[in-house]
Amino acid sequence: MKPLDLLLKSLKHYELIGNADWKITDVVFDSRKIVAGDNAQETPMYVAQKGTQTDGHSFIPQVIEKGCRVVVCEDVPVNPSAEVTFVKVTDSTLALGNIASAFFDNPSKKLKLVGITGTNGKTTTVTLLHKLFTQMGYKTGLLSTIVNKIGLEEVPSTHTTPDAVELNGLLARMVEFGCEYCFMEVSSHSICQNRIAGLQFAGGIFSNITHDHLDFHKTFANYIAAKKAFFDHLPKTAFALTNVDDKNGMVMVQNSKAQISTYSLQTAATFKGLLLDDCFRGLQMRINDKEVFFKLCGRFNAYNLLAIYGAAVLLGQPEDEVLTQMSTLESAAGRFQLIHRKDGSAAIVDYAHTPDALQNVLETIREITNNKTEVITVVGCGGDRDRTKRPEMAEIACKFSTKVVLTSDNPRTENPTTILEEMMVGVPAAKKKNVLVVENRREAIKTACMLLQPGGVLLVAGKGHENYQEINHVKHHFDDTEEVRQFFNE
């Protein structure tokens, strides 16, 4: 519970209509979650946001009827109730982030919070940073697409970046548990929607940026601007670690007040990597002047490892200790996850759901096998998402695979057949004889496992760690890894 006037101090500009003599029991932006206070001076605070689907302002009468007496909004009702205090702001989502942070006593200022943004590599990087710092003896928090963690306690994850209230609540629990560090994925959606407003970051990492989420951002320029905004708002006390091999790597940090460091496999950088050997057992790499063998494989993981090493060193950890501990790290679930079969063939389950990510994984497989091995790819595209990438995904799968099985991903509310038809547009005429369309994902994986010859490689792409398939708003249990293991054992 917090006094209203204390929460208002977190806002730079606002207009108060009514009195500030309230004790706030909760900060709520979902009208269905309003619960009235226990006495006359206690009340939840409702923050009315203008969303893409609904406008929270339309629910103001309902929350007042439920007993809410403090409303934060951009548009005050025409005849405001004298019993209700209205806080008029120019941007409710920005206000929510700052108020939520203040309500939970600014937890991000009490630990070292590091965010990573980019198209690919976010989950692997934060997951392995959490493992690394845990191994080095620190209590550490994790906020990721796969799972949130407070120390080793797992908290289910519903979004890449939680809403501002949930996010600050999780950070507060981390502080209470004694966490010194927290590593979190920062999605472009969360930046645009101000879900990270009010947070203080100790550092930011940029991985890469490629075609993704254009259904939300509309243009690639908007997508770049969203990612860049994260670094624009980092304080001068923070570090900004960027991948200079990405053509937008330095664009991201050009206006940042943070201390800029770089990592690269191709050019001079603060943290320079040289890939010496790459196989399914792992990769040998030199970082600056130190040579280490890592259990992860693939060029894309070499970049992830450089980002992890750079972040740890910038956080003040000893270089040799960091590398020693990193050499024991294993891949995150559903990120180039290897499953071996007795006949020498192998399957890789990977979250690759963008054209660039799919190409990276397939190129990695080709590099490791010297382009001498059969590669079968099972891939689909999600419904209600960016449709422009569907033919491109199919084209890339055909380019780098011996055979391709196109199948359903998370169709959501779309007809899976329509999605597959749009993917087929990208299949080159000469490759059609090597492409099967099997709408049922379980049957598609089974078919691919049956087709796979000894010594071959099967890639099951798109869902990775997800243990469900979403069809018409219902999530049905489905795990690519479980399916592959079952058919490999058969």
Lys139 NZ/CZ over Phe177 ring centroid, <6.0 Å and within 45° of normal: yes

Side-chain (Asn194) to main-chain (Thr93) donor-acceptor, under 3.5 angstrom: no

Glu153 with Arg173: basic N within carboxylate O range, under 4.0 Å: yes

Beyond-backbone contact of Phe280 with Thr369, side-chain heavy atoms, under 4.5 angstrom: yes

Side chain proximity check, His465 to Gln337, heavy atoms < 4.5 angstrom: no

Asp356 side chain reached by Thr119 side chain, heavy atoms, under 4.5 Å: no

Val438 backbone acceptor or donor facing Thr407 side chain under 3.5 Å: yes

Value rounded to 0.5 Å, distance of CG in Leu241 from OG1 in Thr270: 7.5 Å

Shortest non-hydrogen contact from Phe336 toward Asp350: N-OD1, 2.6 Å

Salt bridge (Lys or Arg N to Asp or Glu O under 4.0 Å) partners of residues 326-335, not counting sequence neighbours, each pair once: Lys295-Glu330

Arg299 side-chain N/O to Glu367 backbone N/O, donor-acceptor pair under 3.5 Å: no

Polar side-chain atom of Asn370 near backbone of Lys372 as donor-acceptor pair, under 3.5 Å: no

Non-hydrogen side-chain atoms of Arg441 and Asp409 separated by less than 4.5 Å: yes

Residue Glu291 excluded, over 12 heavy atoms near CD under 6.0 Å: yes

Carboxylate-amine/guanidinium contact Glu483 Lys446, below 4.0 Å: no

Interatomic spacing from CG in Leu143 to CD in Glu185 - rounded to 0.5 Å: 9.0 Å

Closest non-hydrogen atom pair between Val244 and Ala269, with its separation: CG2-CB, 4.4 Å

Test item: Arg366 and Val375 side chains (from C-beta on) under 4.5 Å apart, heavy atoms: yes

Nearest heavy-atom neighbours spanning Pro107 and Ala172: CB-N, 3.6 Å

Short N-O contact, Glu319 and Lys290, less than 4.0 angstrom: yes

Validation row: Tyr263, Leu265 side chains within 4.5 angstrom (heavy atoms): no

Separation of Leu132 CG from Tyr138 OH (nearest 0.5 Å): 10.0 Å

Spacing of CZ belonging to Phe133 relative to CG belonging to Leu315, to within rounding of 0.5 Å: 4.5 Å

Over all atoms of both residues, closest heavy-atom pair of Ile116 and Gly121: CD1-O, 4.3 Å

Phe293 vs Arg281, side-chain contact (heavy atoms from CB on, under 4.5 Å): CA-CA, chis, key distance, verdict: CA-CA 10 Å; Phe293 180 81; Arg281 290 186 303 106; 4.0 Å; yes

Residue among Val460, Val405, Leu459 satisfying side-chain contact (heavy atoms from CB on, under 4.5 Å) with Thr377: Leu459

Aromatic ring pairing Tyr309/Phe271, orientation class (parallel under 30°, perpendicular over 60°, tilted between): perpendicular

For Pro355 against Ile396, the heavy-atom pair lying closest together: O-CD1, 3.4 Å

Cation-pi check, Lys342 onto Phe488 ring (under 6.0 Å, within 45° of axis): no

Residue pair Glu363 / Phe300, side-chain heavy-atom distance below 4.5 Å: no

SB check Glu414 Arg390 (cutoff 4.0 Å): yes

pair Glu374-Leu452: side-chain heavy atoms closer than 4.5 Å: yes

Derivation of the side-chain contact (heavy atoms from CB on, under 4.5 Å) call for Leu171 and Phe104: CA-CA 9 Å; Leu171 290 172; Phe104 287 100; over 6 Å; no

Stepwise side-chain contact (heavy atoms from CB on, under 4.5 Å) test for Lys122 and Val126: CA-CA 6 Å; Lys122 296 190 298 295; Val126 295; 5.7 Å; no

Nearest heavy-atom neighbours spanning Leu170 and Asn148: CD1-ND2, 3.8 Å

Side-chain (Ser144) to main-chain (Thr123) donor-acceptor, under 3.5 angstrom: no

Side chains of Gln325 and Glu321, donor plus acceptor under 3.5 Å: yes

Separation between CD of Gln135 and OG1 of Thr324, rounded to the nearest 0.5 Å: 11.0 Å

Parallel, tilted or perpendicular, as decided by the 30° and 60° cut-offs, for the rings of Phe183 and Tyr181: parallel

Backbone N/O of Gly298 and side chain of Asp278: donor-acceptor pair under 3.5 Å: yes

From CA spacing to verdict: side-chain contact (heavy atoms from CB on, under 4.5 Å), Arg442, Phe487: CA-CA 10 Å; Arg442 177 170 288 109; Phe487 296 128; 3.9 Å; yes

Asn243 side chain vs Asn208 backbone, donor-acceptor pair below 3.5 Å: no

Check: Thr413 main-chain N/O paired with Asp384 side-chain donor or acceptor under 3.5 Å: yes

Side-chain (Lys403) to main-chain (Ile376) donor-acceptor, under 3.5 angstrom: no

Backbone of Asn467 reached by a side-chain donor or acceptor of His477 within 3.5 Å: yes

Gap between atom SG of Cys297 and atom CD1 of Ile348 - 0.5 Å precision: 6.5 Å

